Protein chains: 2
Amino acid sequence: MAHPLFEKHRATLDAAVEAIHNRGYWTPYPEMPSPKVYGETALADGKAAVEALAGRDFALDQPGTSGWAAPEKSPYGVKLDVRYPVCEVEALIAAAQAAMPGWRRIGAEGRAGVCLEILDRLNKKSFEIAHAVMYTTGQGWMMAFQAGGPHAQDRGLEAVAYAWDEQRRIPATSVWEKPQGKNPALKMQKHYEIVGRGVALVIGCGTFPTWNTYPGLFAALATGNPVIVKPHGNAVLPAAITVKIAREVLAEAGLDPNLVSLAVVEKRAATQALATHPAVKSIDFTGGNVFGQWLLDHARQAQVYAELAGVNNVVIESTNEYKAMLRNLAFTLSLYSGQMCTTTQAILVPAGGIATDQGHKSFDEVAADLGAAITKFLSDVNVATAVLGAIQSEATLARIEECQSGEYGKVVLASTKIAHPEFPAAEVRTPVLLACDAADEASYMEERFGPIAFVVKVADGAEAVRLSERIVREHGALTVGVYSTRADVIEAMTEATLAAGVALSINLTGGVFVNQSAAFSDYHGVGMNPAANASYSDAAFVANRFRVVQRRYHVE
Amino acid sequence: MAHPLFEKHRATLDAAVEAIHNRGYWTPYPEMPSPKVYGETALADGKAAVEALAGRDFALDQPGTSGWAAPEKSPYGVKLDVRYPVCEVEALIAAAQAAMPGWRRIGAEGRAGVCLEILDRLNKKSFEIAHAVMYTTGQGWMMAFQAGGPHAQDRGLEAVAYAWDEQRRIPATSVWEKPQGKNPALKMQKHYEIVGRGVALVIGCGTFPTWNTYPGLFAALATGNPVIVKPHGNAVLPAAITVKIAREVLAEAGLDPNLVSLAVVEKRAATQALATHPAVKSIDFTGGNVFGQWLLDHARQAQVYAELAGVNNVVIESTNEYKAMLRNLAFTLSLYSGQMCTTTQAILVPAGGIATDQGHKSFDEVAADLGAAITKFLSDVNVATAVLGAIQSEATLARIEECQSGEYGKVVLASTKIAHPEFPAAEVRTPVLLACDAADEASYMEERFGPIAFVVKVADGAEAVRLSERIVREHGALTVGVYSTRADVIEAMTEATLAAGVALSINLTGGVFVNQSAAFSDYHGVGMNPAANASYSDAAFVANRFRVVQRRYHVE
């Protein structure tokens, strides 16, 4: 008898498993916020639901609640003041551990079914989650809906599909019968039980509180582990809504809701205590290098899956679609003000310029034309605010100012502040584009998170490929792109990215951008260079989160 | 066009993949040293081949050879003096790295085919390897043949099967086509390439130089990584023969033989330099806790798969096959003088004794009867020497003496030295059996490698189960057993082993022993307690050894 939630969602799960093997386009969660799909009142309902949470206690009924905290400050200036329960670390961990045997006993099918039910409920709440993501992160509305809703759900489902695909191949039992020549065979009954490694901690980031949280959350949960979600202090609400839905589904299924809990902590020391707790066996982390490295160095009891900083780069060697290339890059640099872990930071262009369908373009022309393309793309304030969103942190605002100074390169395009028609307090900024020499490594060869990009002058195309590979090896990258009309350059770039371990986008001039990664098809991150030690998702992302414990005995 | 070696071995590979999923009994490598299978002259040929190596240079044609070393001393007193090339660490690593792209390019099928060809050649050389294992480790002949030959080959094939099973599900290409409503779909061609993580180091142990080396060797190799095998200084020959065969197969297949090399190092510092080299991305280690922990602490650039020390234990709560139980345990304690990572060390027996089919037996009776069963089992010198083999190291000889002193418990059965009819210099020792209280944790609760076991007096059956779980959690174990006629005790033991993460053998009274682990069926180690952080084999053992690097571009 399969678990009823497994039966309910089996078709979706089977399709997801097929999708991760075929890696074509697929999703069960429509990315268009259409009233026909999500309901006529979904938009208004979602907005109202989030606004109704403002200024109130966000009840989660978790153990060890010792107080309440309201740490969020909206980049749009929206008043939130949602108060979240602050819970004792030991209480959350004890409750998570107590919930584990029941979660083990319902088996891989039951766990997959429950995870898919959670994802289905999350999908139905996509408009509420979208507003929560938008208000807390500064993302534009459409991005908040898509990346925060359906695309994040896709990434969660993808992790469940990998987890299921690994677990389903482990038989519950076997009969082992070894011939003994003329004597009776040795015959044993064996049982194989899938056991989660222990409490999982998922530490979210301030910019993608669901997209970067769901892979770890669902990978750990589906493989038998209780999960404590520790959101970024400025993006708690999307995680809190997620945890609440998960707890509801678990309770309705007769399971312990403490399998998923929210850890709102007020001090870094509390996060550190949580991360180094002996019971915590895995940590999924998205964020900066300093804390990421601290985790890798100190949380030695846990398997750490880390997505850190990098220096994403694009080589422009030549193109036969100059304008489309510039438009494509302008969008990439503008989207969410470059506050994506996948946004291009360094654009490597030969000193002698490039061949294009518009004739030869000098280095300076390429830089200037890219700046002009950004300006043109953002000339409509409605387009600009929708695409740029708002700047999420004070640190990013300060970084923009710092880069405007000219200290790190010639300012090709200065960042400007745009007044948001709907949110007057929103900090909206256009990208700053700098030009520098390849030798100015201190300028462009460290992550400068936000709407900051460098056009870097390199000797020639071959040198650009070599530099790109070195940047990836030494500083990491989640994305690399190349523009070239020459097969040998594409081939060299392919070899360079295979050697350094980074995903390559070739000649993107249409509606796909180097900073986008599609679930079920694109391996986000790779997990082979300093920017990330794991990928969303692959077998390695799930296989180490559980073990098989066996028992055996003789049978006749 | 599939690789010819893939085609040649495809049926075996398919059967191996089926075996890891069904986990019944299966092997392509017959464990009986039958002339009908291995050839009428195989035994004599294998022995002669090993004896012909004695006193000579073992040529491997490796890069960076700076000298020769002959570190082995046979526990049987057999004169070996085989001289192995000592190679510069940097030269081995540079050669391994240079060999990697070609190994990547032949793909998962080609790699699986080459690995199966190597295993097939190893199988044909089983008698030679058996003698090499026997002479270097002190194993008895039959064990050296089976564990050193076919069973080790099974474990290697099992790892290849897992590696292939993970890689085959990654498509080489996909077409991603995303509908855009009324507009033309976005369409991209994507390529997915499997890339090994980097140079793999496999550090062998002195007792099972093939069985514990092949899983890591073949898991790393099949997933695209060059492998440097660093054998234990006293058991180089079996590894050297293995490496030589692998290099021959690689060269014949037109591949770089430096994909597999042998590192004979004369100082621990050289091993440390190798292990912490930035190019080394994975380490498989079998051995003691001190160096194992050093690796985990210092070789941070690599994924370390470690099998360390533990305190294997058996709970005896009751039995209805008293004599068969004692015979079974006597064999376990005697086999290879307990020099197995799976040998039972602590036998937990209630202070009030146990119920048996022979009536109630007091604690002292159980201990004495077990001692008597060992003595009886080893009363025939031919049986004794065949089963016990020789003591592999001076340290184990010293440990036996230390335990004879009575310092760690009452001596129930003293170890005796047996004269080997064939090898007069062989150090053959019978097991020492001690009795102590559960409170004497310093005695029995650390690994005392070798033919040393403790009968530990615990309050009752429930306490025995609790103590077993705590031993596993705190000190680790690869094997745990239980004897009981009560369903509730079996159930409690099952829960305890699921919680602590250790394989359980229940009421073994026949021809299977707690210290035996069968490839394709038994998960050796689990990887969830301090004795091992990985298992032979499961998806986790292979999935993290490679990554998928993709590239994508628009197509019409």
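Heavy-atom basis, side chains included; hydrogens, waters and symmetry copies ignored. What you are looking at is a predicted structure, and each value in this text was computed from that prediction instead of being measured. Numbered from 1 within each chain, the chains take letters A, B, ... in sequence-line order.
Under the 3.5 Å distance criterion, the side-chain polar atoms of B:Asn225 are matched with a main-chain donor or acceptor of B:Ala220. Checking side-chain atoms of B:Gln550 against main-chain N and O of B:Tyr192 turns up no donor-acceptor pair under 3.5 Å.
Residue A:Val526 touches chain B through both its backbone and its side chain, counting heavy-atom pairs closer than 4.5 Å. Both the backbone and the side chain of A:Asp297 come within less than 4.5 Å of a heavy atom of chain B. Residue contact with chain A, scored on non-hydrogen atoms closer than 4.5 Å, is absent for B:Asn183. For B:Val548, the parts sitting under 4.5 Å from any heavy atom of chain A are the backbone and the side chain alike. The contact between A:Leu186 and chain B is made entirely by side chain atoms (from C-beta outward), counting heavy-atom distances below 4.5 Å. Residue contact with chain B, scored on non-hydrogen atoms closer than 4.5 Å, involves the side chain of A:Met188 exclusively. For A:Ser521, the parts lying near chain B are the backbone and the side chain together; criterion is any non-hydrogen pair under 4.5 Å. With a 4.5 angstrom heavy-atom cutoff, A:Val502 touches chain B only via backbone atoms. Interface residue A:Gln303: only side-chain heavy atoms are found under 4.5 Å from chain B. No part of B:Asn529 comes within reach of chain A, as not one of its non-hydrogen atoms sits under 4.5 angstrom from that chain. Contacts between A:Phe541 and chain B at a heavy-atom distance below 4.5 Å are absent for every atom of the residue. Using a 4.5 Å cut-off between heavy atoms, A:Arg105 contacts chain B through its side chain alone, with no backbone atom that close. For chain B, the nearby part of A:Glu495 is the side chain; its heavy atoms alone come within less than 4.5 Å. In this structure, chain B has a heavy atom under 4.5 Å from the side chain of A:Arg300, while its backbone stays farther away. Of the atoms belonging to A:Gln97, not a single heavy atom falls under 4.5 Å from chain B. Proximity to chain B involves both the backbone and the side chain of A:Lys178, based on heavy atoms less than 4.5 angstrom apart.
Here A:Gly527 is the residue among A:Ser535, A:Gly527, A:Ala539, A:Gly198 with the most heavy-atom pairs under 4.5 Å with chain B. With chain B as the partner, the residue from A:Asp538, A:Thr494, A:Val175, A:Thr497 showing the most heavy-atom pairs under 4.5 Å is A:Thr494. Most heavy-atom pairs under 4.5 Å with chain B, from the set A:Ile20, A:Val195, A:Asp522, A:Ile490: that is A:Asp522. Taking chain B as the reference chain and counting heavy-atom pairs below 4.5 Å, the highest number among A:Leu498, A:Val542, A:Leu508, A:Asp165 is found for A:Leu498.
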inquiry  = Show, in sequence, the C-alpha distance, side-chain angles and deciding distance for B:Glu193 and B:Arg104, and conclude whether the salt bridge (charged side-chain N to carboxylate O under 4.0 Å, His left out) test is met.
reply    = CA-CA 8 Å; B:Glu193 194 136 348; B:Arg104 183 193 87 220; 2.9 Å; yes
- Task: Could you check A:Glu166 against B:Arg169 for salt bridge (charged side-chain N to carboxylate O under 4.0 Å, His left out), going step by step and ending with a plain yes or no?
- Result: CA-CA 11 Å; A:Glu166 291 300 332; B:Arg169 281 172 292 138; 3.7 Å; yes
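Checked by atom type, the side-chain pair A:Asn507/A:Thr509 shows no donor-acceptor distance below 3.5 Å.
Checked against a 6.0 Å centroid threshold, the rings of A:Tyr29 and A:His151 do not count as neighbours. The six-membered or imidazole ring of B:Tyr523 lies away from that of B:Tyr536, with a centre-to-centre distance of 6.0 Å or more.
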